[in-house]
Amino acid sequence: MEIEIPKVYEPEKVEDKLYDFWQKNSQFSSLPKDGQKPFTIVIPPPNVTGVLHMGHALNNTLQDIIIRFRRMQGCNALWVPGTDHGGIATQNVVEKLLLSEGTNRHKLGRDKFLERMWSWRKESGDTILNQLKKLGCSLDWSRTRFTMDEVCSKAVMTAFVELYNKGLIYRGKRLVNWCPRCQTALSDIEVEHEEEIGKLWHIKYEIKPQKPSKGKKAAAEKEHLVVATTRPETMLGDTAVAVNPKDKRYKKLVGRTILLPLTQREIPIVADEAVDATFGTGAVKVTPAHDPTDFDIAQRSKLPMIVVIDTKGAMTPEAGAKYAGLDRYAARKAVLEDLEAQGLLLETAQHPHSIGHCYRCDTVIEPLISEQWFLKVEDMSKRAMKAVTDGKLKFYPASWEKPYLLWLENLKDWCISRQIWWGHRIPVYYCKSEKGKDGKPCKPVASAVPLEKCPNCGGAVEQDPDVLDTWFSSALWPFSVFGWPNGKESQISDFKSQISDLSYYYPTSVLVTGHEILYLWVARMVQMGLEFMNNIPFSEVYIHGIVRDKSGKKMSKSLGNVIDPLGVMKKYGTDALRFSLSQSAAPGRDMQLSDDSFLGARNFANKMWNASRFVLMNLQSVFWEPGYMAIWPLELADTWILSEYRQLVKDVTSSLEKYDIDQAARLLYEFFWSKYCDWYIEIAKIRLNGQDDASKKVALSILIEVLGGFLRLMHPIMPFITEEIWQTLIKFLRSPSQIKSISIMTYKWPEFDEAKLEKDSLAKMQIIMDVVSAIRTIRSEMNVPPGKPIKVIFNVSEKDASSVLEAHQPYLKALAKLEEINIGSTVERPPQSATAVVRGVEIFVPLAGLIDLEKEIARLEKEIVNAEGEEKRCEQNLANEGFIKRAPAVEVERVRTRLKDARLKAERLKDNIKSLKN
RNA sequence: GGGUAGUUAGCUCAGCGGAAGAGCACUCGCCUCACACGCGAGUGGCCGCAGGUUCAAAUCCUGCACUACCCACCA
């Protein structure tokens, strides 16, 4: 078999080809199967407007790693793809488009607009899903869902109706978060608070004089009260001034009346606990229609409400003729000017406070009174909390438990209605007939199927104009994708099975997401899962960090610091991107990315490529058959690398099980580069070029065995390059009939056999490696040309070390470029030689004529300082009675050995300096 | 105001109870028959500060100081 392998790995030549190969061979698909354990992940559905950004790349790389790992472990692994309609965000995109065409949705009308939305959705297609294919994601494409497709919509309607009929969904007029730009209400969590330096204005309010009681004169001077506010324009809607009931300063003013400046409207002074006497002046203007706290105060004191700001953020006629129509900020300016002119503006202080912004368009939120639909969350929250406190739902890292619980504990009813058109229209129908059946108007009806007539009186009906919060459908995602509420039969039409998707795959195994949507999405899925499926939607939540740029800033289009993952894949290869992301994916930790990290990962891919190339090239020239490993005796290097490999299997497996993907990536990198390549391959070269046929074949066997295992362990993280190499390697591994899996991705995950681990080989090999490194250091420091062979003398008193060196002279000769080795236990120090002492082995390199005396002495002195430091530390430890008595015996023994080695080292090096000086 | 995480080599980060580590950068030497996207060697750290627990602390505990993020009806 002749193989031509390029010197440099070329990702662009293999990636698309392999993805096609996987798809053609149905490597990603899963069907319910009795007796096989499912492992299921549903994708956090990206928005249909989306293009793949680095956050998606991270999120989906991690999911793919987990799903590939479990699939190889023998689970029936399913990863469900899909997209989210994205409510406001998506509507905004199309509205912008319309604006550029000189029209808007209102001119178009609801039906035409929705047509436009759907055609746009069709046009933009599933761009992002195709980009996930570039990333190598092993999603079961036959199961692709969309939150507004038939299956998911049915789930949404059913869920709404059930909640409505249970009385958990209600309609009410409340103060809600209103985005004046998006023209819709938002839930509390869709409001982003940003700290800003605002101003706190102190305004003088005149108190209406009391009617003088009999016999007393009216107060000579006018009385005043000063209020502090950050929003002076809302004073036009004030219906009271409130003070704390315990505030002595104002106690006697409670019940009096204020003459509101600018309008001269009369409003009362009330007492309310919500007022903080220590803040500002201790007196608060109360604007119930535009502030949540004021709204509550107004409820308690039964104050009227005056709406002075409309849905566009402009002042209403109620604000007075002078201000009506002005934008809220223009009104602020005007009000301040007018107050100033009247001498009522006393003080303007800098005031840091946080302001709510729309999470979709960043416009400042306006609290407005509005009729909306709400979902009662109290009971659902309690159950969602219990799932975590009972230990059924686990977070990785666990530190997210507390924030999750705190959030649920303080959660208020969820405003689920939006005044936009793109989304699931609220399935509530109002009877248009005023009379109804028996003279009374009919109650509204919720229905999962469209209603034409009122079920009560048969009259015409009108559907509620609002749509549901996009997160309502997202909350149902883990079961709506499996066909809930149907669930009886499989959603895959050509598959006849007794097991339904829903019962087989739900609850799913793990949810992988960033912490930014923990509340927005994760907590709600748990609530809804418990509500409708009576079971949590997943038992584990793996929360990864956020991708930042190299200076630690969040990547955003507006900052212009985004790194385009598609560009990275093109430049460095998909596997390099994936490895780089994996490397820094410690659970819960944000990561900084830069070109450097991709470059390192690309180099690693190339290293894998070339090491494999080395193995494959030798396979062609050496007669080889599987099974040699069992027949021929193994050498030290063989047992060593096998031990290391087996440890690797153990560690990588447990790391992936714990979602420590960064650790898995590092372990693999370390093993492959600094063990397999740096040492095993280098030693294998000696044997492959040697005359010992048995040693040759064994080395080749181990090279293949370990490479094959490594590739499988590496596969979840770097799927393309591992498959590409595997496809060639497999031809040598087994005859075609023996190959059960066509692809590495369905080949069995390596298993760890502790019994075969040879601990002894690690220590022995360590001697070889340390001695070689020490000799290389001498060569390098003494400027011995790399090509020049040298002689070396070992003085070893310890038998074990001595026999290891004795037995592995060919290793040493090749690795350190030696022409002659002498080993003894009482060797005379040769004159003019450089020295090193490692692991009890004294090394002499005779360098007559070559040695730089001063340099060597300086080098040795430095070594002595280190050794003596070590000596001192060990002595102190051993002199400590507590240490001897309480530390484990192994530890005490270890320190004794270290002391012995350090003493020997210091002593020998000192002797050597002496002899050099003579 | 509450919460969470972080602070280790110039940079990015690992280590989380028993000898300070990696990659990049830097210095020196190498086109050594897999790889210059490479090989060999080296320089570089009172492991944020202060206490405490322990025979032993970068590692556990308590404060403090910064940094970042999240939550909150700070008028």
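Everything numeric in this text was worked out from a predicted model, so none of it was measured. Every chain is numbered from 1, with letters handed out A, B, ... down the list of sequences.
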Rounded to whole Å, please give me the gap between CZ in A/R300 and P in B/rC73.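 Answer to the nearest Å: 14 Å.
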Rounded to whole angstroms, how far apart are CD on A/Q592 and C1' on B/rA14?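 The answer, rounded to whole Å, is 15 Å.
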Considering only heavy atoms and no angle criterion, is a donor-acceptor pair shorter than 3.5 Å present between the side chain of A/K685 and the base of B/rA34?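 Present.
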Has the side chain of A/K7 got a donor or acceptor atom sitting under 3.5 Å from an opposite partner on the base of B/rC35?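 Answer no: no donor N or O sits under 3.5 Å from an acceptor.
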[atom1]-based separation of [M] from [N] [nearest Å]:
{"N": "B/rA5", "M": "B/rG48", "atom1": "C1'", "value": "15 Å"}
{"N": "B/rC61", "M": "B/rU7", "atom1": "P", "value": "14 Å"}
{"N": "B/rU54", "M": "B/rA58", "atom1": "C1'", "value": "16 Å"}
{"N": "B/rG3", "M": "B/rG63", "atom1": "P", "value": "11 Å"}
{"N": "B/rA57", "M": "B/rU4", "atom1": "C1'", "value": "25 Å"}

Can you see if the side chain of A/S773 gets near the phosphate of B/rA41 - specifically, an N or O under 4.0 Å from OP1 or OP2?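 Answer yes for this pair, as a side-chain N or O of A/S773 is under 4.0 Å from OP1 or OP2.
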Taking OP1 and OP2 of B/rG29, is either one under 4.0 Å from a side-chain nitrogen or oxygen of A/N783?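 False: A/N783 side-chain N/O out of range (4.0 Å or more) of B/rG29 OP1/OP2.
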Which nucleotide wins on minimum distance to the side chain of [X], given the candidates [options]?
{"X": "A/K402", "options": "B/rA34, B/rG3, B/rC37", "result": "B/rG3"}
{"X": "A/H193", "options": "B/rA68, B/rC35, B/rC73", "result": "B/rC73"}
{"X": "A/H515", "options": "B/rC35, B/rC37, B/rC69", "result": "B/rC69"}
{"X": "A/Y669", "options": "B/rC35, B/rA14, B/rG23", "result": "B/rG23"}

Could I get a table of every N or O pair under 3.5 Å where one atom is in the protein and the other is in nucleotides 51-55 of chain B?
{"from": "B/rC55", "atom 1": "OP1", "to": "A/R886", "atom 2": "NE", "distance (Å)": "3.0"}
{"from": "B/rC55", "atom 1": "OP1", "to": "A/R886", "atom 2": "NH1", "distance (Å)": "2.2"}
{"from": "B/rC55", "atom 1": "O2'", "to": "A/N880", "atom 2": "ND2", "distance (Å)": "2.4"}

Any idea which heavy atoms bring A/T287 and A/K285 closest together, and the distance?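 Heavy atoms of A/T287 and A/K285 come nearest at OG1-NZ, 3.0 Å.
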Can a side-chain donor-acceptor contact be found between A/D238 and A/Y205 if the only test is distance below 3.5 angstrom?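 Per modelled atom types, A/Y205 and A/D238 side chains form a pair under 3.5 Å.
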Would A/D276 and A/T278 count as having a side-chain donor-acceptor pair, cut-off 3.5 Å?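 The answer is yes; a qualifying pair exists.
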Kindly state whether the ring of A/Y542 and the ring of A/Y396 have centres lying under 6.0 angstrom apart.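 Centroid separation for A/Y542 and A/Y396: 6.0 Å or greater.
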Under 4.0 Å, counting only non-hydrogen atoms across every strand here, what does A/C874 touch: a base, just sugar-phosphate, or nothing?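 No contact.
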